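The next block holds one structure in the form of structure tokens; read it before the comments.
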Amino acid sequence: MALFTLVSGSVGVVTLQNPPVNALSAAVRHGIVDMMDKALSEPEVKSVVICGQNGRFCGGADIKEFGKNMTGPPLVPMIHRIESGAKPVVAAIEGIALGGGLELALGCHYRIAHSKARLGLPEVHLGLLPAAGGTQRLPRLIGVPAALELITTGRYVTAAEALRLGMVDEVTDGNTVDAAVKLALSVAGKSLDARRISNYPCPQPPGLDRFFETAMQQVRQSARGAMAPVACVQALRAAASQPYGEGMQREKELMDTLFHSGQARALQYFFFAQRAVGRWSTPSGSRWDSSKPRPVHKAAVVGLGTMGRGITVALAQAGLSVVAVETHEKQLMEARQAVSGMLERGAKRRGVAPAYGKISYSSDLLPVADVDLVIEAVFEDMELKRSIFEQLSEICKPDTFLCTNTSGLDIDRLASHARNPELVVGMHFFAPAHVMKLLEVVYGPRSSPQAVATAMLLGRKMDKVSVAVGNCPGFVGNRMLKPYLEQAFFLLEEGATPELVDQALEEFGFAMGVFRMSDLSGLDVGWRVRKADGLVVAGASTGPSARSRRGFRYSPLGDLLCERGRFGQKTGSGWYRYDKPGGRVAKSDPWLHGFLEQYRADHGLAARRVDQQEVLERCLYALINEGFRILEDGIAAGPEDIDVIYVLGYGWPRHRGGPMFYATTVGLSEVLERLEHHHRAHPDVPGLQPCRLLRKLVASGSPPVHSWREFIKKSRSHL
Ligand SMILES: CC/C=C\CC(=O)SCCNC(=O)CCNC(=O)[C@H](O)C(C)(C)COP(=O)(O)OP(=O)(O)OC[C@H]1O[C@@H](n2cnc3c(N)ncnc32)[C@H](O)[C@@H]1OP(=O)(O)O
């Protein structure tokens, strides 16, 4: 797993061999130790180059080994041996140097990177810290503030930035290994005293205590309960205030705690879940490995509201030619300006030129005639979408894929208005569409495997994580949101306040509680959906039937606020009040509290004390229960799909792995028992009635989440 070759007569080249990313598995570590022993002991070897096979230096420790019995040589002494050795070692960094891979490079005496390489310490995303000396060597090399930023965010840097920061000595556009060999030849026999980073004093930021207090405050705030970023700050503080050996000891102690934590397990599960969703399959048997996507060079976006603008930017930034269509001239002008601004800001951030030239604008549909794929992003109205699909079927090439950005309307119904229903799929983006990582690719019963594969690949090209889901109202994400919101409304009726509910959810780790989020996205959005579902009954919001629909409990609270024009931030009031329409800072609203009291009085409801645990159980377990129903219905192929959707699209805290993984950490039997308890108390709420799949899993001994797919498949085949 590591190869030794002697080049130019005196340079030992050690090549890591573990495709696809040369992760530091036990075998690779063995290989490095053995090959370095050879290089350091053989007299003809005067200097050493470490590189990786297939143009990738190293993707870090082998994440698949975590959680198992770790065997093989540990990284810390291995890297120490390289650094303290008597012969100069040059790291030739091509492709990636991440985590333990970068730490290995930091143990080398020189680092050369290819201009396209990316470097970083992303351990924090796995619930860990860079514990192979990364927290102690990096600040000694590039200073505490820069190291703190890189380690607590896990951000990757380009070779150019790495050079600016002092992480690498040289950047090359040519052959990196050749350049490294050249450097190795030139430094052979020279003193290494000034090249061993662990010997450097750690530069102290001015006002050390204040610096770290502020850093800790900021990190705690953005970490939302995640432990690893906090531990990273603690390790860096040790680097800045203690000798190297003691800092290493602190790094190890902190890592020991993190390594065995539930958060690390959740984050590592999530790492693999994001990759698992790429291996999609549908109940009809289409699969990622047997469905060939068609290339898409030119696309169109129809409708340039907020979503359409973001989609246009995402497509152009992915290198596609885009026809952007908006039939209202004024809106077209505004959209053009807004899109240019977004492109400009994005280009600045990425250090490239804005892709203005990729986009042509039109106020009619005719220019979409020659595109490969259209994404319709008009107002959420079936009739409007239907008419656009009919027009597109007339205008477009016969093989053009027709996609809709609907967030919950029936894909199959829309497909029935297209000339070729098999070319129709949903591409459900999340706002802002050029920023959010998630794309739900929704297939209907008639969508062809090629249409699904094409949309999935296009999502990936736009740097999104695409998840293939089946067609049902709300698909996966919004369908699960419904019982969650419903419980939040019921809790208000029973005595809670928006502040209490939001606080419970934010302390759980959501970026925003349900009510603050609802104010942000606009209460009118849900109101429109409820109206379309026939749930908003005029005049029924105060009478005896106000709190019941079709025999089940219903809360008209959201409708009542909308009737009063309280749509959230955009109107300056919703569940909270804001300084002005469009204001961002939510303030507690005495009017709303009075309104809730009056509402309870009108409906004979006695307010009771609701605690945070009840908020979490009612809101989250109802959402999880719907997730099990979605699996049961075959709308999502596995729990990973749901978890990826919730973390990337709905702000579920990543360190809790997603709702389905979280259910396993609570214990499926506990979730079942609490749902049963709440359903007994609220028998008219079907969302609280535990679904069959959850019962089956519990009856089967609560198998681990990675084996649910098999379990679901088997239980379906018995039906
Ligand atoms: C003492 C502790 C010291 C150190 C701790 C660490 O080093 S922890 C590990 C730190 N490294 C990382 O977090 C890197 C994570 N990987 C990535 O960011 C990307 O995978 C990468 C390397 C940029 C490549 O991206 P790309 O889009 O090209 O491929 P993809 O992500 O689909 O990965 C390809 C397959 O490789 C698997 N993989 C990637 N990294 C690792 C790893 N470090 N260990 C094990 N396996 C890894 C990945 O899962 C993919 O395989 P698949 O079968 O599809 O899941």
Side-chain angles (χ1 to χ4, degrees), residues 1 16 18-29 32 52-68 70-80 93-107 116-138 150-151 153-158 228 231-232 235 248-249 251-261 264-265 267-280 288-289 437 456-457 459-466 638 640 644 654 706:
M1 292 291 211
L16 315 190
N18 186 15
V21 302
N22 297 319
L24 295 164
S25 63
V28 172
R29 298 196 307 274
I32 296 174
Q53 196 185 30
N54 296 337
R56 283 182 150 179
F57 181 70
C58 177
D62 188 340
I63 306 165
K64 291 190 180 98
E65 286 183 352
F66 294 168
K68 295 185 189 149
M70 298 285 276
T71 58
L75 275 179
V76 170
M78 182 188 96
I79 294 172
H80 177 72
I93 300 172
E94 293 174 300
I96 43 168
L98 302 174
L102 178 55
E103 292 175 291
L104 169 65
L106 292 173
K116 296 226 166 88
R118 289 177 301 154
L119 297 82
L121 292 173
E123 285 88 339
V124 70
H125 298 309
L126 300 168
L128 306 174
L129 52 70
T135 66
Q136 305 303 303
R137 284 197 181 90
L138 193 63
L150 289 187
I151 291 174
T153 62
R155 182 170 73 85
Y156 297 173
V157 296
T158 60
C232 290
M248 285 298 284
Q249 186 52 35
E251 182 187 89
K252 180 179 177 314
E253 284 162 14
L254 291 162
M255 179 65 154
D256 284 347
T257 308
L258 293 177
F259 198 75
H260 301 288
S261 68
R265 260 207 328 277
L267 286 159
Q268 288 155 28
Y269 157 81
F270 190 71
F271 174 83
F272 289 112
Q274 285 184 89
R275 277 130 192 107
V277 298
R279 298 186 281 273
W280 57 273
W288 65 284
D289 49 357
K437 276 288 212 185
M456 290 292 285
L457 183 67
R460 201 181 152 108
K461 267 195 167 173
M462 286 187 271
D463 201 23
K464 313 246 171 258
V465 180
S466 315
E640 295 87 352
V644 167
R654 192 183 285 240
H706 60 78

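Computation of the quantities below employed the complete heavy-atom set of this structure, encompassing side-chain atoms and omitting hydrogens, waters and symmetry-equivalent molecules. Not measured: the values here are computed from a predicted model. When a ligand or atom number is given, it counts from 1 through the structure's own listing order.
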**Message:** Within ligand 1, which atoms have a heavy atom of Ile96 less than 4.0 Å away?
**Reply:** 22 (C)
**Asked** Of Asn22, Leu126, Leu129, which has the heavy atom at the shortest distance from atom 8 (S) of ligand 1?
**Response** Leu126
**Asked** Would you say Ile63 and ligand 1 have an N/O pair spaced under 3.5 Å apart?
**Response** yes
**Item:** Contact atoms of ligand 1, heavy-atom distance to Arg118 under 4.0 Å
**Value:** 23 (C)
**Message:** Under 4.0 Å between a side-chain nitrogen and a carboxylate oxygen: does that hold for Arg279 and Asp289?
**Reply:** no
**Request:** Take Leu24 and Cys58, measure what side chain to side chain contact (heavy atoms under 4.5 Å, CB included) needs, and give me the verdict at the end.
**Result:** CA-CA 7 Å; Leu24 295 164; Cys58 177; 3.5 Å; yes
**Asked** What atoms of ligand 1 come closer than 4.0 angstrom to any heavy atom of Leu75?
**Response** 3 (C)
**Asked** Do ligand 1 and Gly59 have nitrogen or oxygen atoms that lie under 3.5 Å from each other?
**Response** yes
**Asked** Looking at Gly60, which atoms of ligand 1 are within less than 4.0 Å of one of its heavy atoms?
**Response** 7 (O)
**Asked** Can you tell me which residue and heavy atom of the protein come closest to atom 34 (C) of ligand 1, and the distance to 0.1 Å?
**Response** Pro20 CG, 4.0 Å
**Message:** In the complex you have, is atom 30 (P) of ligand 1 within reach of the protein, judged by whether a heavy-atom distance drops under 4.0 Å?
**Reply:** yes
**Request:** List the steps, then state whether side chain to side chain contact (heavy atoms under 4.5 Å, CB included) holds for Leu267 with Arg654.
**Result:** CA-CA 6 Å; Leu267 286 159; Arg654 192 183 285 240; 3.5 Å; yes
**Asked** Relative to ligand 1, is Val76 under 4.0 angstrom through side chain, backbone, both or neither, heavy atoms considered?
**Response** neither
**Fill in**
Contact region, Arg279 to ligand 1, non-hydrogen atoms below 4.0 Å, reads side chain
**Prompt:** Could you state the interatomic distance from CG (Leu121) to CG (Leu98), rounded to the nearest 0.5 Å?
**Reply:** 8.5 Å
**Lys NZ or Arg CZ of Arg265 over Tyr269 ring: under 6.0 Å, within 45°** = no
**Request:** Answer whether the closest heavy-atom distance between the side chains of Glu103 and Glu123 falls below 4.5 Å.
**Result:** yes
**Request:** Compute the shortest N/O to N/O distance between Tyr156 and ligand 1 and return yes if it is under 3.5 Å, no if not.
**Result:** yes
**Request:** Check whether any heavy atom of Arg56 sits under 4.0 Å from an atom of ligand 1.
**Result:** yes
**Message:** Looking at Gln136 and Ala235, would you say the former's side chain and the latter's main chain have a donor-acceptor pair under 3.5 Å?
**Reply:** yes
**Request:** Mark up the atoms of ligand 1 that fall under 4.0 Å of a heavy atom belonging to Phe272, in ascending order.
**Result:** 49 (O)
**Top protein contact for atom 37 (C) of ligand 1, by heavy-atom distance** = Lys64 NZ, 4.4 Å
**Complete:** Residue, atom and distance of the protein heavy atom nearest atom 38 (N) of ligand 1 read Val21 CG2, 4.0 Å
**Message:** Is there a polar contact, in the sense of an N or O pair closer than 3.5 Å, between Leu98 and ligand 1?
**Reply:** no
**Prompt:** Are Met78 and Leu104 side-chain neighbours, meaning at least one heavy-atom pair lies under 4.5 Å?
**Reply:** yes
**Prompt:** Does Ala61 reach ligand 1 with a nitrogen or oxygen that is under 3.5 Å from one of the ligand's nitrogen or oxygen atoms?
**Reply:** yes
**Item:** Nearest neighbour of atom 1 (C) of ligand 1 from the list Glu123, Met255, Met70, on a heavy-atom basis
**Value:** Met255
**Prompt:** How close does the nearest protein non-hydrogen atom get to atom 27 (O) of ligand 1, and which residue and atom is it?
**Reply:** Arg460 NH2, 3.8 Å
**Asked** CH2/Trp280 to CE/Met456 distance, rounded to the nearest 0.5 angstrom?
**Response** 7.0 Å
**Prompt:** Given Gly154, Ala131, Pro122, Gly99, which has its nearest heavy atom closest to atom 12 (C) of ligand 1?
**Reply:** Pro122
**Item:** Check: Gly52 main-chain N/O paired with Asn22 side-chain donor or acceptor under 3.5 Å
**Value:** no
**Message:** Closer than 4.0 Å to some heavy atom of Asp62 - which atoms of ligand 1 meet that?
**Reply:** 44 (N), 45 (C)
**Prompt:** side-chain contact (heavy atoms from CB on, under 4.5 Å) with Leu102: which of Leu119, Ile96, Val157, Leu150?
**Reply:** Leu119
**Prompt:** Is there side-chain contact between Arg137 and Ile79, with heavy atoms separated by less than 4.5 Å?
**Reply:** yes
**Asked** For the atom pair CG (Leu129) and CZ (Phe259), what is the distance rounded to the nearest 0.5 Å?
**Response** 11.5 Å
**Asked** Under 4.0 Å from any heavy atom of Gly100, which atoms of ligand 1 are there?
**Response** 4 (C), 6 (C), 7 (O)
**Request:** Could you walk me through whether Leu128 and Val124 pass side chain to side chain contact (heavy atoms under 4.5 Å, CB included), step by step?
**Result:** CA-CA 5 Å; Leu128 306 174; Val124 70; over 6 Å; no
**Item:** His125 and ligand 1 - part of the residue with a heavy-atom distance under 4.0 Å
**Value:** neither
**Asked** In the protein, which heavy atom is nearest to atom 15 (C) of ligand 1, and how far is it?
**Response** Phe271 CE1, 3.5 Å
**Glu94 bridged to Arg118 by N-O distance under 4.0 Å** = no
**Message:** I'd like the name of whichever of Gln274, Arg275, Glu103 reaches closest to atom 50 (C) of ligand 1 through any heavy atom.
**Reply:** Arg275
